[in-house]
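Note: hydrogens, waters and symmetry copies are ignored here, and every other heavy atom, side chains too, is used. Below, read A as the first sequence line, B as the second, and so on, with proteins coming before strands; counting in each chain starts at 1.
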2 protein chains.
Amino acid sequence: MAEAAKRKARLSPADRRALLEDAARACMARGGIREFTVDRIVAEAGVSRGLITHHFGSMDGLLVAVYARMYREWIEVIEAPRPGLSRLEAIIEALVSPELFSRDVLNVWLTLWGEIANNPVLREAHRSLYSDYRATIELALTEAAARHGRSIDAPRVAAAFICLIDGFGVQRCVEPSLLTEEDARAACRAFLGPLLD
Amino acid sequence: MAEAAKRKARLSPADRRALLEDAARACMARGGIREFTVDRIVAEAGVSRGLITHHFGSMDGLLVAVYARMYREWIEVIEAPRPGLSRLEAIIEALVSPELFSRDVLNVWLTLWGEIANNPVLREAHRSLYSDYRATIELALTEAAARHGRSIDAPRVAAAFICLIDGFGVQRCVEPSLLTEEDARAACRAFLGPLLD
DNA sequence: CAATCTATTGAACTACAGTATAGTAATTTC
DNA sequence: GAAATTACTATACTGTAGTTCAATAGATTG
């Protein structure tokens, strides 16, 4: 019935924001920044055009919210302990898990990187979050190095390792067939070599 | 004088195309895909709006031309022999040289990757060019492995190495301060370890 | 229960996107 | 040197972008 679409749901702001963030992310996963538009997102979410401005102030506000949510979920999976694995090994397994190593997730990241690089508002939001990510990787590296009695330049190794991870994202979006999850795991292990068991 | 701007230059199609490709690339370097618009590009090039359609048929046509030109110049630097260095070592040096390891160049790549991932027209153009790039890397790896008496799975190593390189691009655009050209060189050498002198 | 608050709608608005095309002028062709 | 060609300009056109805002209707308050 058509009148069903007319009913107003009136969610709590937190729920509505989450719903809009998910819709926006779905659009981005589907078609990159060109699908990140008011019309596409409200259609995906099944709400009216006015809601985005009401809850996020602007499209940049929504973009920042999507970034923050992606970041939070990424960190959550990365930091989840895995029985029998060291912190560093757990990170590698998280990276190649279906939760993170999917075309949808990585295409959102690729899109966000493009925006961070060129949109001052997102860039600003990025700075505050990104250092936590690096810190997590550095910690895992430092810990692994200590356990294997090696000394490393953790910040530099972390930066390079993050490059490798980001590169997986690019590759999966641009030419998915060339890099399986098994390839990615092998590349991580080759890169970190002596720090792993 | 204002009338100078009114004079019509009438270049050869090849020259005009090159000029428009450069202008488009400059816009992209400055602001990503959001600056890749008719108005910005013709302003940058100092020509009228109609010229893009006239020479490239559409914005997608220009996008493909920019990609092809970026690709050609990239390959040219990558493949240039460097006295005293093996093919593989020369590639590493090319990658960290100012010609390729600059924010402008890498931001154009980041933008193009985002488009390849989501724009079917560019994706199609990408497929035909990209395999040459991989082949170049694979050849250098195979050669280096042979010289050091090692056997490697060249396609897989090449794919992972390309990920690392792409990741440099992301990192340089998103958080430039964290990865110097020296860091990138060190990361490449660490990754390829036994294949280098 | 009345009053207030605010989540939501839907339309209006301005700006700018890419494309099409008619007209102009420089070059080439014969 | 006249005719044909085409690089180029300038403008018009249609679609869609993000934002603003008045009106509406659930929820909450007192």
Chemist: Let me know the distance between CG of B:Leu51 and P of C:dT24, rounded to the nearest Å.
Modeler: 17 Å
Chemist: Using whole Å, what does the distance between atom P of nucleotide D:dC8 and atom CG of B:Leu19 come to?
Modeler: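 That distance rounds to 9 Å.
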Chemist: What do you reckon, are the aromatic ring centroids of A:Trp109 and A:Trp74 less than 6.0 Å apart?
Modeler: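 Yes, the ring of A:Trp109 comes within the 6.0 Å limit of the ring of A:Trp74, centre to centre.
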Chemist: To the nearest Å, how far apart are B:Ile33 CD1 and C:dA17 P?
Modeler: 12 Å
Chemist: Need one value for A:Ser58: base, sugar-phosphate or nothing, where a base atom within 4.0 Å counts as base even if backbone is also close, heavy atoms only.
Modeler: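 Sugar-phosphate contact only.
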Chemist: Thinking salt bridges, do B:Arg40 and B:Glu35 make one under a 4.0 Å N-O criterion?
Modeler: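 So B:Arg40 pairs with B:Glu35 through a salt bridge.
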Chemist: Just the rounded figure in Å: distance from P of D:dA7 to CZ of B:Arg17.
Modeler: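 Distance, rounded to whole Å: 11 Å.
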Chemist: Rounded to whole Å, how long is the line connecting atom CG of A:Asp15 with atom P of C:dA7?
Modeler: 12 Å
Chemist: Please lay out, stage by stage, how A:Glu115 and A:Arg123 fare under the test salt bridge (charged side-chain N to carboxylate O under 4.0 Å, His left out).
Modeler: CA-CA 8 Å; A:Glu115 283 300 300; A:Arg123 188 170 204 128; over 6 Å; no
Chemist: In the hydrophobic clustering that connects Ile, Leu, Val, Met, Phe, Trp and Tyr at side-chain heavy-atom distances below 4.5 Å, which members other than A:Leu11 occupy its cluster, ordered by chain and number?
Modeler: A:Leu19
Chemist: Let me know the distance between CG of B:Leu11 and P of C:dA26, rounded to the nearest Å.
Modeler: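 That distance rounds to 14 Å.
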Chemist: With respect to B:Met28, which candidate in B:Leu110, B:Val108, B:Ile41, B:Asp104 satisfies the side-chain contact (heavy atoms from CB on, under 4.5 Å) definition?
Modeler: B:Val108
Chemist: Between D:dT19, D:dC8, D:dT9, which nucleotide gets closest to the side-chain atoms of B:Val47?
Modeler: D:dT9
Chemist: Base, sugar-phosphate, or nothing for A:Ile52, non-hydrogen atoms under 4.0 angstrom?
Modeler: nothing
Chemist: Consider the side chain of B:Thr53, meaning its heavy atoms from C-beta on, and name the nucleotide among C:dA20, C:dT8, D:dT9 that approaches it most closely.
Modeler: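 Nearest to the side-chain atoms of B:Thr53, counting from C-beta on, is C:dA20.
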Chemist: Round to a whole Å and report the spacing from NE2 of A:His55 to C1' of C:dT9.
Modeler: 12 Å
Chemist: Distance check needed: C:dT6 P versus A:Arg16 CZ, whole Å only.
Modeler: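 To the nearest whole Å, that distance equals 17 Å.
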Chemist: Can you label the angle between the A:His126 ring and the A:Tyr67 ring as parallel, tilted or perpendicular, going by 30° and 60°?
Modeler: perpendicular
Chemist: Does A:His54 have a side-chain nitrogen or oxygen under 4.0 Å from the phosphate oxygens OP1 or OP2 of D:dT19?
Modeler: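 Indeed not, no polar side-chain atom of A:His54 lies that close.
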Chemist: Please state whether the rings of B:Phe191 and A:Phe191 are parallel, tilted or perpendicular, taking 30° and 60° as the class boundaries.
Modeler: tilted
Chemist: Tabulate protein N/O versus nucleotide N/O from nucleotides 11-17 of chain D, keeping only pairs under 3.5 Å, one per line.
Modeler:
{"residue": "D:dA17", "atom": "OP2", "partner": "A:Asp39", "partner atom": "OD2", "Å": "2.5"}

Chemist: What nucleotide, of D:dA10, C:dA20, D:dT6, holds the atom closest to the side chain of B:Arg10?
Modeler: D:dT6
